[in-house]
2 protein chains.
Amino acid sequence: MLKLSRLTDYAAVIMAQIARHPDHPHAAAELAGAVNLPYPTVSKTLKMLVKADLLVSQRGAQGGYLLARPASAISASDIISAMEGPVAMTECSHADGDCDLMATCGVADNWQRVSQAIRTFLDGVTLAHLAQTTPIKLPVHLPIQTVTLAAEASR
Amino acid sequence: MLKLSRLTDYAAVIMAQIARHPDHPHAAAELAGAVNLPYPTVSKTLKMLVKADLLVSQRGAQGGYLLARPASAISASDIISAMEGPVAMTECSHADGDCDLMATCGVADNWQRVSQAIRTFLDGVTLAHLAQTTPIKLPVHLPIQTVTLAAEASR
DNA sequence: CGATTGAGGACCATTTTAGTCCTGTATAAA
DNA sequence: TTTATACAGGACTAAAATGGTCCTCAATCG
């Protein structure tokens, strides 16, 4: 299903919440209340986001979490990678692909191309986009539909 | 990681194998040999692909599996859906989203838009593309990068 | 100093996934 | 008509990933 893990979902919601009020730190407990999720889970998510350098934390009273950089400089890929590791569709999508099916696979290169396209797309979607509270309903067909694979264009 | 399940990977490899020799039925055992995977697993995968109407099967001696329609009419989405259910990034991406975080979520609409864009892209990638044996190396940046979200375009 | 708040990691329960196997049924060829 | 071939369907198990909770330690502010 290409599904994101639940924690990634939480991360997006939490990041968006912070992005909408970027001027002061947000404590984990406060965020948990705002997004209506259990505190320990929110806390765990926040820690992962800090480790990925998407948030910075401030300890002590009045402490909390802040965006590490502007929302427009944080991409969907960043958030997904922070929670699930690199965005890749197949096991052999990463550079040092040591898949023992290489010889008989025959689709590896093409999947990687598809994977790359999606990654590039997600790089272009920023937290600023995600955090917008007045979403415009999309038409069913996006301009993306007109994109062609290099392989296709060359036929 | 937006990762496909391993069975989906297998499905793609198997489908591509059949697509390259579309004129006669391929037995599960033959395919298992060709792609170097255990027979039971290949068999299971093939059954799922039949149930999803991407393959048709022929029983009995000289039987096997054939594409249900031309490779150019089978999309990556079709294959992924067959193995993992509908392509959707979030739990609330499907129509009757009864996510109890609706009120506090704030990113649902935007994720759905992203999800839709990826789905549309995958609809456009066909088995014929995937099965090509002489892949053209993509430049790092695909045309897809120029695509804008409706939300972004409207700012 | 003491209250607050994050850091880090251990831990367990649950779900999902992968993989195997068994029994039944359709079909083709001898 | 018989027999071998090959798929259909589903039960079952083992392993792995995921989600979620909790505990102890460290930093910071007032």
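FYI, side chains are in, hydrogens and waters are out, and symmetry mates aren't considered; it's all heavy atoms of this structure. So that the names make sense, note that chain A is the first sequence line, chain B the second, and so on, each numbered from 1.
Rounding to whole angstrom units, OH of residue B/Tyr39 and P of D/dC7 are separated by 6 Å. Rounded to a whole Å, the NZ atom of A/Lys3 is 18 Å from the P atom of D/dA17. Following rounding to the nearest Å, A/Asp9 (CG) and D/dG20 (P) show an atom-to-atom distance of 11 Å. Straight-line distance from the CZ atom of B/Arg6 to the P atom of C/dT16: 18 Å, rounded to whole Å. Distance, B/Tyr10 OH to C/dT17 C1': 11 Å, rounded to whole Å.
Nearest to the side-chain atoms of B/Lys47 among the listed nucleotides D/dA8, C/dA29, D/dT21 stands D/dA8. Of the listed nucleotides (D/dC7, C/dA7, C/dG19), C/dG19 has the atom at the smallest distance from the side chain of B/Thr41. In the set C/dG19, D/dT28, D/dC7, the nucleotide with an atom closest to the side chain of B/Ala27 is D/dC7.
Between B/Leu46 and B/Ile14, the closest side-chain pair of non-hydrogen atoms falls below 4.5 Å. Within the 4.5 Å cutoff, no side-chain heavy atoms of A/His26 are placed close to those of A/Gln17. Put simply, the side chain of B/Ile118 reaches to within 4.5 Å of the side chain of A/Phe121, judged on heavy atoms.
Nucleic acid contact class of A/Ala29 (heavy atoms, under 4.0 Å, all strands): none. Note on A/Leu7: only backbone sugar-phosphate atoms sit closer than 4.0 angstrom, heavy atoms only; bases stay farther off. Here B/Lys44 lies in heavy-atom contact (under 4.0 Å) with a base.
You'll find a donor-acceptor pair under 3.5 Å spanning the side chain of A/Arg59 and the base of D/dA26, going by distance alone.
Taking OG of B/Ser81 as the reference point, atom CZ of B/Arg119 lies at 9.0 Å (rounded to 0.5 Å).
Remark on DNA chain D: of its neighbouring residues A/Ala61 and A/Ser43, the 5'-side contact belongs to A/Ser43, judged by nearest-heavy-atom nucleotide.
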